[in-house]
Amino acid sequence: MTSPGDNRLHEPAAPPAPAAARLDPPAATGVERTYDRMAGLYDLMFGQVLAPGRRAMCSAAAALQPARLLEVGVGTGLTLAHYPAATQVVGIDVSADMLARARQRAAALPGRQVELHRIDAEHMPFDDASFDCVTVPYVLSVTPDPARLVREIRRVCKPDGTVLVVNHFSGSRFWWLMERAVRSLADHVGFRSDFRYDEHILAHDWQVLSVKPVNLFGLSRLVVLRNAAPGPAGARVLPFPGGGRAGRAP
């Protein structure tokens, strides 16, 4: 844990992290290389276009005031300044080059408790129930094994803790043609253009508390989840913006 004001990038120290905490070749290495190449251009390409989703996610986190928060895929650190000042923030990413930029942003936040680690989120070294809140901005559709990532997120999140997911999901009427047009290119950079909400959100036994369209034309969704099994039978079904079902809420 860092002391107030210590917001330096933390690499795994000796003794080495367990094997499960290391990058998992070859899949994770491919993602790492992709984002190392993109690091210098990421803010220019995606900073503003995806900013509304990040702001909505950070606002939801601020309303919770969690004591300890994990951001999976912290990237260049665009969200760090927008989390509650009293929250201990742990950010992880597979890309060293992205983390180097996040470190610069963290250094500009004196007094904040920020830790940054180079870790494959599908193999996290954290203890069970380590975080009150886990944020997952634009990661689920680029990770090699989304189901495995979800298991890890739920493991490290406290029971009844909150998971905030921002991601695009297939099925939007506006983006139906675009998803198919960019699928070939997207596959080359590890991005799943065709990413189903029912398969990657509803398939898990957590509780969907809300679903909100974000970004231009509702390109993405902010999904607020409780890390618990679904409530009793008869719980109401939340509408999914753009059509379909969102899931169950208590």
### Message
To the closest 0.5 Å, what do you measure between CD (Gln104) and CG (Leu109)?
### Response
12.5 Å
### Query
When rounded to the nearest 0.5 angstrom, what is the spacing between NE2 in His123 and CG in Asp145?
8.0 Å
#### Entry: Check: Met124 main-chain N/O paired with Glu152 side-chain donor or acceptor under 3.5 Å
yes
#### Entry: Straight-line distance of Leu69 CG to Asp132 CG, nearest 0.5 Å
8.5 Å
### Task
Would you please name every residue forming a side-chain contact (heavy atoms from CB on, under 4.5 Å) with Ser130, sequence neighbours left out?
Arg68, Phe126, Asp127
### Task
Mind checking ring-ring contact (aromatic ring centres under 6.0 Å, His included) for Tyr83 and listing every partner two or more places apart, or none if nothing turns up?
none
### Cationic N near anionic O, under 4.0 Å, Asp128 to Arg154
no
### Side-chain heavy atoms of Leu225 within contact of Thr162, under 4.5 Å
no
#### Entry: Beyond-backbone contact of Gln88 with Glu115, side-chain heavy atoms, under 4.5 angstrom
yes
### Task
For residues Ile92 and Ala121, report the shortest heavy-atom separation together with the two atoms involved.
CD1-CB, 3.8 Å
### Approximate separation, where rounding is to 0.5 Å, of Ser220 OG and Tyr138 OH
5.0 Å
### Task
Check whether any side-chain N or O of Trp206 sits under 3.5 Å from a backbone N or O of Ile201 as a donor-acceptor pair, and report yes or no.
yes
### Task
Apply the side chain to side chain contact (heavy atoms under 4.5 Å, CB included) test between Arg221 and each candidate in Val211, Val214, Asn167; give the one that qualifies.
Val211
### Message
Could you report the tightest heavy-atom contact between Leu99 and Asp93, atom names first, then the distance?
### Response
CD1-O, 3.8 Å
#### Entry: Pro146 versus His200, closest heavy-atom pair with distance
CB-ND1, 3.7 Å
## Note on the structure
Shortest non-hydrogen pair, Met57 vs Pro137, comes out as SD-CB, 3.8 Å
### Task
Could you give me the CA-CA distance, side-chain angles and deciding distance for Val208 and Val223, then say whether side chain to side chain contact (heavy atoms under 4.5 Å, CB included) is met?
CA-CA 7 Å; Val208 181; Val223 185; 4.1 Å; yes
## Note on the structure
Closest non-hydrogen atoms of Asn215 and Ala51, given as atom of the first, atom of the second and distance, are OD1-N, 4.3 Å
### Identified side chain to side chain contact (heavy atoms under 4.5 Å, CB included) counterpart of Cys133 within the set Val89, Leu64, Leu70
Leu64
### Summary
Heavy-atom nearest pair, Ala102 first then Gly77, reads CB-N, 3.7 Å
#### Entry: Rounded distance (nearest 0.5 Å) linking atom CZ of Phe169 with atom CG of Leu140
6.5 Å
### Task
Indicate whether any N or O donor in one side chain lies under 3.5 Å from an N or O acceptor in the other, for Gln65 and Thr87.
no
#### Entry: Non-hydrogen side-chain atoms of Ile119 and Val94 separated by less than 4.5 Å
no
### Query
For the side chain to side chain contact (heavy atoms under 4.5 Å, CB included) test, which of His117, Glu71, Gln113 pairs with Val90?
His117
### Task
Compare all side-chain heavy atoms of Leu222 with those of Val165 and state whether any distance is below 4.5 angstrom.
no
### Task
Report yes or no: does Arg105 contribute a side-chain atom to a donor-acceptor pair with the main-chain N or O of Arg101 at less than 3.5 Å?
no
#### Entry: Backbone of Val139 reached by a side-chain donor or acceptor of Thr143 within 3.5 Å
no
### Query
So, the side chain of Asn227 versus the backbone of Gly161: is there a donor-acceptor pair under 3.5 Å, distance only?
no
### Task
Report yes if the side chains of Leu78 and Leu80 come closer than 4.5 Å at any heavy-atom pair, otherwise no.
no
